[in-house]
> 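Below you'll find the structure I mean.
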Amino acid sequence: MHKRKTPNLSLSLLDRPIMIIVLQPIGHPLHLQISNMGPAYQSTALAAVDTTFIITATVFLSLGSLFGTQRYGDTPSYPGPFVEQDGTRSPPSFFQAYVVLVPLLLGIIAPTAGLGLLMWQDDAYLGASTLGVYLVEVAAQLISEEVYLKTKTAMWPQVPQVYQTYRIWQLIRGCYLVGQAGGPQWLWNLHAMLIMLWVFNFGAVMTWTPWLYRWHLQPQSSENDRKDGYISGPKPE
């Protein structure tokens, strides 16, 4: 009697002791669900999952912004990150260089180049299922940040925290897809690099959160009747 072959859930490319411990508990259930899908259906299914997240995140962030508006009125309550009480912006000296090197160069340009290479190598479905949906999620975060910054809502610092948490899981899922599809080694390595990148960046964002929210100005704001742009009570009748 022919014995049915058991799928290799280690996916060969993931056959690394440390990465197996980290990735398998999180990515394993989704891998089982998509392993029997064709490439086109796989790409569509993953795009639907990520779109659902983007819509849900937008709804919850909007509800948070609406709560602030109802509680404190229509006066803009968030003048922007690293803005001092006198209105000057004072980001850390290394901040601009960090943004260019980490999120822009490594987090956006490198994956975009990788997606282009996959399409040139006729791996469009694999590219769409991994780097394609990743870049769409990054674009959704950038658009949300721009909208919230222009509307001066205090929910702005929450946007990267929400999106980066999902992005890390999204990249872990991508590692499984690369292994399941027998994708190129460099694509798996790129996903592993991006995971480490966004974990580090998430830690950096959490470190900066008090200054993004300007917590150090709260005592002065209370004493000066919130002259720095905050308002101290509900919207007057």
> Only pairs at least two apart or in different chains count here, so list each salt bridge (Lys or Arg N to Asp or Glu O under 4.0 Å) that has a residue in residues 139-149.
Glu146-Lys150

> If you compare all heavy atoms of Gly107 against all heavy atoms of Leu194, which two are closest, and at what distance to 0.1 Å?
CA-CD2, 4.1 Å

> Taking side-chain hydrogen bond (donor to acceptor under 3.5 Å, both in side chains) as the cut-off, I'd like each qualifying pair that reaches into residues 105-120, sequence neighbours left out, listed once.
none

> Following the transitive rule for hydrophobic clusters with a side-chain heavy-atom cut-off under 4.5 Å over Ile, Leu, Val, Met, Phe, Trp and Tyr, establish whether Leu142 and Leu149 coincide in one cluster.
yes

> Following the transitive rule for hydrophobic clusters with a side-chain heavy-atom cut-off under 4.5 Å over Ile, Leu, Val, Met, Phe, Trp and Tyr, establish whether Ile55 and Val162 coincide in one cluster.
no

> Could you report the tightest heavy-atom contact between Thr153 and Ser65, atom names first, then the distance?
OG1-OG, 3.1 Å

> From Gln121 CD over to Leu126 CG, what is the distance, rounded to the nearest 0.5 angstrom?
10.0 Å

> Can Asp50 and Arg173 be counted as an ion pair, charged N to O under 4.0 angstrom?
yes

> So, for Leu118 and Gly127, which heavy atoms are closest and what is the spacing to 0.1 Å?
CD1-CA, 3.5 Å

> Using 0.5 Å steps for rounding, measure from the CD1 atom of Ile168 to the CG atom of Leu171.
8.0 Å

> Nearest 0.5 Å, what's the CG-CG distance between Asp123 and Leu117?
9.0 Å

> Hey, what do you get for CG (Leu190) to CG (Leu131), rounding to the nearest 0.5 Å?
5.5 Å

> How close do Ser129 and Val133 get, heavy atom to heavy atom, and via which atoms?
O-CG2, 3.4 Å

> To check you understand the geometry: which heavy-atom pair defines the closest contact between Cys175 and His191, and what is its length?
SG-CB, 3.6 Å

> Which donor-acceptor pairs under 3.5 Å do the side chains of residues 195-205 make with protein atoms, sequence neighbours left out?
residue, atom, partner, partner atom, Å
Trp198, NE1, Tyr134, OH, 2.9
Asn201, OD1, Tyr98, OH, 2.7
Asn201, ND2, Gln164, OE1, 2.6

> Can you name the closest pair of heavy atoms from Thr52 and Thr56 and give their distance?
O-OG1, 2.7 Å

> Any donor-acceptor pair under 3.5 Å linking the side chain of Thr165 with the backbone of Gln161?
yes

> Got a second to check how far Met193's CE is from Trp188's CH2, nearest 0.5 Å?
12.5 Å

> Working to the nearest 0.5 angstrom, can you tell me the gap between Phe60 CZ and Gln158 CD?
13.5 Å

> Does one hydrophobic cluster hold both Ile54 and Leu63, with members joined at side-chain heavy-atom distances below 4.5 Å?
no

> Are Val49 and Val59 in one and the same hydrophobic cluster, where Ile, Leu, Val, Met, Phe, Trp and Tyr link if side-chain heavy atoms are under 4.5 Å apart?
no

> Under the ring pair (Phe, Tyr, Trp, His ring centres under 6.0 Å) rule, collect the residues that match up with Phe95, sequence neighbours excluded.
Phe82, Trp208

> Does Glu137 reach the main-chain N or O of Gln170 with its side chain, forming a donor-acceptor pair under 3.5 Å?
no

> Are Trp169 and Val159 joined in one hydrophobic group, where the rule is that I, L, V, M, F, W and Y side chains link up if heavy atoms are under 4.5 Å apart?
yes

> Tell me if the CE atom of Met119 is crowded by more than 12 foreign heavy atoms within 6.0 Å.
no

> Using the ring-ring contact (aromatic ring centres under 6.0 Å, His included) rule, collect all pairs that involve residues 138-164, keeping only residues at least two apart or in two chains.
Phe53-Tyr163

> Tell me, please, which residues at least two apart from Leu105 pass side chain to side chain contact (heavy atoms under 4.5 Å, CB included).
Leu101, Ile109

